[in-house]
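As a basis for the values below, the full set of heavy atoms in this structure was taken, side chains included, without hydrogen atoms, waters or symmetry mates. Treat the numbers as computed from the prediction; the structure is a model and nothing was measured.
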Amino acid sequence: MSHHTPRVPRALIAEDEPILAAALAHALQRLWPELDIVATCPNGVEALRQGLALQPDILFLDIKMPGKTGLEAAEELAEQWPDSIPFPQIVFVTAYDEYALAAFEHAAADYVLKPVNDARLGKTVERLQQRLRDSGNATTTATPTAGAATTTAPLAATETASASDDNLVRLLSQLQAMLPPAPRLQMIRAAVGNSVRMIALADVVYFEALDKYINVVCQDSEALIRTSLKELLPQLDPQQFWQIHRGTIVNASAIATAVRDEAGKLSLTLRQHPAQLRVSPLYAHLFRQM
């Protein structure tokens with residue numbers, strides 16, 4: 001009679017402060033001895049690379065890291081993650097205060113405050129173990145109550161991945177909402193030679209990230225502004241301008257159709273512009289039928 005060997009849950013830690021990374025790893029070993037920490041990354045770029053290569057069940061991501069923030073790494077991982085594999089559980093590591101992070105209490109992901117506190121981390125471990133059991137993503141070895149089942153039927157991988165994407169979208173929205181509100185832009189001021197071109201936001205079809213610039217695309221013209229989408233997005237009306245990719249923000253009123261190709265990838269056609277814009281899986285929920 002053959003016995004199936006349960007798969008040990010695997011985790012990746014991304015933290016740019018080595019002492020804090022080591023403290024988190026040691027605390028996890030105390031509280032969850034079965035957890036296999038497969039990598040410790042010093043920045044967001046390495047977290048993205050190692051995350052895609054190792055495909056762990058859990059990501060512990062410092063929110064503020066050089067290269068890429070934990071939020072940016074999570075977003076890019078979600079965009080590049082294979083559809084056939086459930087997206088990892090995410091725990092953000094942060095120095096933000098408890099009040100600002102109240103939204104995490106009922107969010108899809110969890111958080112750990114610096115410095116690491118065993119009591120708080122213990123609650124996080126319990127939640128992670130439950131979520132892994134619910135998803136069938138890995139076997140956890142928390143001590144069950146008498147007669148309780150130790151595993152549940154796994155979800156289909158694509159169903160789990162889709163749910164994880166939705167959870168991440170909600171979480172990123174919550175984190176964005178915690179930031180101080182930026183003043184709303186009324187006009188775009190773009191340098192053109194020796195003059196400054198004033199572009200009304202209503203005339204913008206979409207914004208496209210180009211290295212250290214943004215290409216402002218209108219119906220019949222384009223202009224470059226020196227800023228990032230990360231800086232621009234909080235200044236735009238979220239009802240009117242939708243982020244559809246980490247490098248693209250589109251004017252919702254300019255969208256004609258959302259089309260899914262044979263591979264399941266989503267793209268947009270526009271009302272008065274020939275461009276077709278790719279939609280990241282992370283933002284596909286914006287285009288579900290009503």
Side-chain angles (χ1 to χ4, degrees), residues 48 52 71-88 90 107-109 155-177 184-185 188 199-211 213-225 227-290:
L48 175 62
L52 290 171
L71 300 180
E72 290 167 338
E75 186 175 353
E76 292 188 37
L77 278 165
E79 288 180 359
Q80 299 179 44
W81 200 260
D83 291 339
S84 59
I85 299 171
F87 192 71
I90 293 182
L155 297 173
T158 51
E159 182 181 343
T160 308
S162 174
S164 297
D165 284 352
D166 288 350
N167 288 341
L168 185 57
V169 168
R170 286 200 299 273
L171 181 67
L172 293 173
S173 297
Q174 285 172 328
L175 287 168
Q176 194 68 36
R184 291 275 185 257
L185 273 181
I188 298 292
I199 304 171
L201 280 178
D203 294 336
V204 177
V205 178
Y206 64 95
F207 297 98
E208 177 185 32
L210 296 175
D211 196 15
Y213 292 85
I214 292 176
N215 190 24
V216 183
V217 180
C218 300
Q219 182 180 337
D220 53 7
S221 63
E222 299 181 8
L224 291 177
I225 56 175
T227 187
S228 66
L229 285 188
K230 183 177 170 183
E231 294 169 324
L232 176 67
L233 187 60
Q235 301 178 68
L236 300 174
D237 180 353
Q239 301 299 316
Q240 186 63 38
F241 288 92
W242 298 355
Q243 184 162 18
I244 58 167
H245 187 274
R246 71 174 182 272
T248 314
I249 298 171
V250 66
N251 187 334
S253 62
I255 300 170
T257 60
V259 182
R260 197 174 293 278
D261 65 17
E262 293 177 357
K265 297 186 183 301
L266 198 63
S267 61
L268 304 181
T269 63
L270 306 172
R271 296 185 189 282
Q272 295 180 312
H273 196 279
Q276 285 199 337
L277 305 179
R278 188 171 83 81
V279 178
S280 161
L282 195 58
Y283 303 101
H285 69 286
L286 295 170
F287 305 99
R288 288 185 184 142
Q289 297 181 68
M290 296 180 69

Side-chain contact test, heavy atoms from C-beta onward, threshold under 4.5 Å: evaluate it for Gln80 versus Leu48 and give yes or no.
yes
How many angstroms lie between atom CH2 of Trp242 and atom CG of Leu277, to the nearest 0.5 angstrom?
13.0 Å
Atom CG in Asp203, atom CD in Gln219: separation rounded to 0.5 Å?
9.0 Å
Is it true that Glu72 and Lys230 have a side-chain N and a carboxylate O under 4.0 angstrom from each other?
yes
Residues in salt bridge (Lys or Arg N to Asp or Glu O under 4.0 Å) with Arg260, at least two apart?
none
Gln243 vs Thr248, test: side-chain contact (heavy atoms from CB on, under 4.5 Å). Steps then yes/no.
CA-CA 6 Å; Gln243 184 162 18; Thr248 314; over 6 Å; no
Test: side chain to side chain donor-acceptor pair (under 3.5 Å). Region: residues 265-274. Which pairs qualify, not counting sequence neighbours?
Thr257-Thr269
In terms of side-chain heavy atoms, does Gln240 have a donor or acceptor partner in Asn251 at a distance below 3.5 Å?
yes
Looking at CG of Leu266 and CG of Asp261, how far apart are the two atoms once the value is rounded to the nearest 0.5 Å?
8.5 Å
Aromatic centroids of Tyr206 and Phe241 separated by under 6.0 Å:
no
I'd like to check the side-chain contact (heavy atoms from CB on, under 4.5 Å) partners of Leu224; sequence neighbours left out, ordered by chain and number.
Leu210, Tyr213, Asn215
As a quick check of understanding, evaluate side-chain contact (heavy atoms from CB on, under 4.5 Å) for Phe287 and Ile255, giving each step before the final call.
CA-CA 11 Å; Phe287 305 99; Ile255 300 170; 3.9 Å; yes
Atom CD1 in Ile249, atom CG in Leu236: separation rounded to 0.5 Å?
5.5 Å
Show the nearest heavy-atom pair for residues Arg184 and Pro234, with the distance to one decimal.
NH1-O, 2.9 Å
